[in-house]
S.K.: 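Have a look at the structure that comes next, please.
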Number of protein chains: 2
Amino acid sequence: MDIPRILVALAEPTRLAAMQIIWDGGEHCVCELMDRLNTSQSRMSRHMKALRDAGLVLDRRDAQWVRYRRNPDLPRSVECIIDAVIVAAAANQKVAA
Amino acid sequence: MDIPRILVALAEPTRLAAMQIIWDGGEHCVCELMDRLNTSQSRMSRHMKALRDAGLVLDRRDAQWVRYRRNPDLPRSVECIIDAVIVAAAANQKVAA
DNA sequence: ATTGCATATGCGCTAAAGCGCATATGCGCA
DNA sequence: TGCGCATATGCGCTTTAGCGCATATGCAAT
C-alpha cells in the first residue's frame with residue numbers, strides 16, 4: 001500500500017474521472033471509458049494501466065475487450081481515501097456547473 | 001478547490017509527512033520541520049510553498065521564523081481527504097515498523 | 001551598520017510524466 | 001487463413017517536478 005503512489009494515480013483528472021465511473025462497482029471496458037471521457041485510445045489505456053499499477057483497479061480479458069473494475073481487496077484505509085476523493089470531486093463538479 | 005492539485009501536493013512523501021505533523025493543529029516553523037523530516041532547508045521551504053499553493057496550509061511571519069499551520073477554512077470534503085490520507089499513511093508506517 | 005539566524009528563490013540540471021503516432025498483440029468471425 | 005475490432009506498447013518529444021547550490025531577503029540583537 002504505497003500511499004504516495006495511490007495519490008499520484010488519483011491526481012490526474014482523467015484517471016480521477018475514470019475512478020469515479022468505476023468505483024460504483026461495475027465493469028467497464030477501455031472503449032467505454034475512452035468514449036465517456038472523450039479521450040484517445042492509447043491515452044486511456046495508459047491511464048488505466050497506471051490505476052492498475054497503483055493497485056486501485058483490476059482487469060479481466062473478456063473476448064476482445066478488457067474489463068476494468070474496482071479492486072475489492074483494498075485495505076479499508078485506502079477505500080476511505082478514494083471515497084473521500086470521489087465525494088470531493090463530485091461536489092466540485094456541482095459547484096462548477 | 002482543485003482536487004487534483006491537492007492530491008499532487010499530498011503525493012510527495014516529505015510533504016505528506018509535513019502534513020501529518022501540521023494537521024494536529026499546532027504551528028511549526030520550517031526549521032523544525034526540516035529537522036524532524038531530516039531534509040535540507042531549501043527543499044523544505046519549497047515543499048511548504050507547494051502545500052501553501054495548494055491551499056492546505058497557511059503561514060505567518062513571527063520574527064525570524066515563518067510559522068505554518070493547517071488552513072482552518074478548508075471545505076469539509078477536502079478535510080475528509082486529508083484525514084483519510086493521514087490515517088492511511090499512519091497505518092502504513094505501523095505495518096512497516 | 002554589521003552580524004547571524006531563518007526563510008525564500010534564481011539557476012541549471014536530471015528524472016519522470018504525459019502525449020500522439022504508429023505498430024504490435026489478442027481475440028472472434030467469416 | 002485473413003480481416004476487423006479492442007487494447008497495449010515502443011518511440012520520440014515536450015512539459016513539469018524535484019533537487020542542490022548559491023544567493024537574496026527579512027528580522028533581531030549587538
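Residue numbering restarts at 1 for every chain, and letters A, B, ... go by the order of the sequence lines.
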S.K.: Under a 4.0 Å threshold between the charged nitrogen and the carboxylate oxygen, would B:Arg70 count as salt-bridged to B:Glu27?
M.R.: no
S.K.: Just how far, in rounded Å, is P of D:dC19 from CE of B:Met48?
M.R.: 14 Å
S.K.: Between which nucleotides of DNA chain C, read 5' to 3', does contact with chain A run, using atoms under 4.0 Å from its heavy atoms?
M.R.: C:dG18 to C:dG28
S.K.: Within this structure, what is the CD-to-P distance between B:Gln64 and D:dT30, rounded to whole angstrom?
M.R.: 12 Å
S.K.: Whole angstrom is fine here: how far is it from CZ in B:Arg67 over to C1' in D:dG26?
M.R.: 15 Å
S.K.: Which residue in the set A:Arg46, A:Arg43, A:His47 passes side chain to side chain donor-acceptor pair (under 3.5 Å) when paired with A:Thr14?
M.R.: A:Arg43
S.K.: Using heavy-atom distances to pick each residue's nearest nucleotide on DNA chain C, tell me which of A:Val8 and A:Ser40 is more 5'.
M.R.: A:Val8
S.K.: Does a nitrogen or oxygen in the side chain of B:His47 sit under 4.0 Å from OP1 or OP2 of D:dC19?
M.R.: yes
S.K.: If I take atom CZ in residue B:Arg43 and atom C1' in nucleotide D:dA17, what distance separates them, rounded to the nearest angstrom?
M.R.: 12 Å
S.K.: Could you check whether any side-chain heavy atom of A:Val57 comes within less than 4.5 Å of a side-chain heavy atom of A:Arg69, counting everything from C-beta outward?
M.R.: no
S.K.: Compare all side-chain heavy atoms of A:Leu56 with those of A:Asn71 and state whether any distance is below 4.5 angstrom.
M.R.: no
S.K.: By nearest nucleotide on DNA chain C, pick out whichever of A:Gln41 and A:Ala63 is the more 5' one.
M.R.: A:Gln41
S.K.: Starting from C1' on D:dG18, measure out to CG on B:Leu10 and report it in whole angstrom.
M.R.: 17 Å
S.K.: If you count heavy atoms of other groups shown closer than 6.0 angstrom to CG of B:Asn38, is the number above 12?
M.R.: no
S.K.: Just the rounded figure in Å: distance from P of D:dG18 to CD of B:Glu12.
M.R.: 6 Å
S.K.: Please report the distance, rounded to the nearest Å, between CZ in A:Arg46 and P in D:dG12.
M.R.: 13 Å
S.K.: State whether the number of non-hydrogen atoms from other residues, nucleotides or ligands found under 6.0 Å of A:Arg60 atom CZ is greater than 12.
M.R.: yes
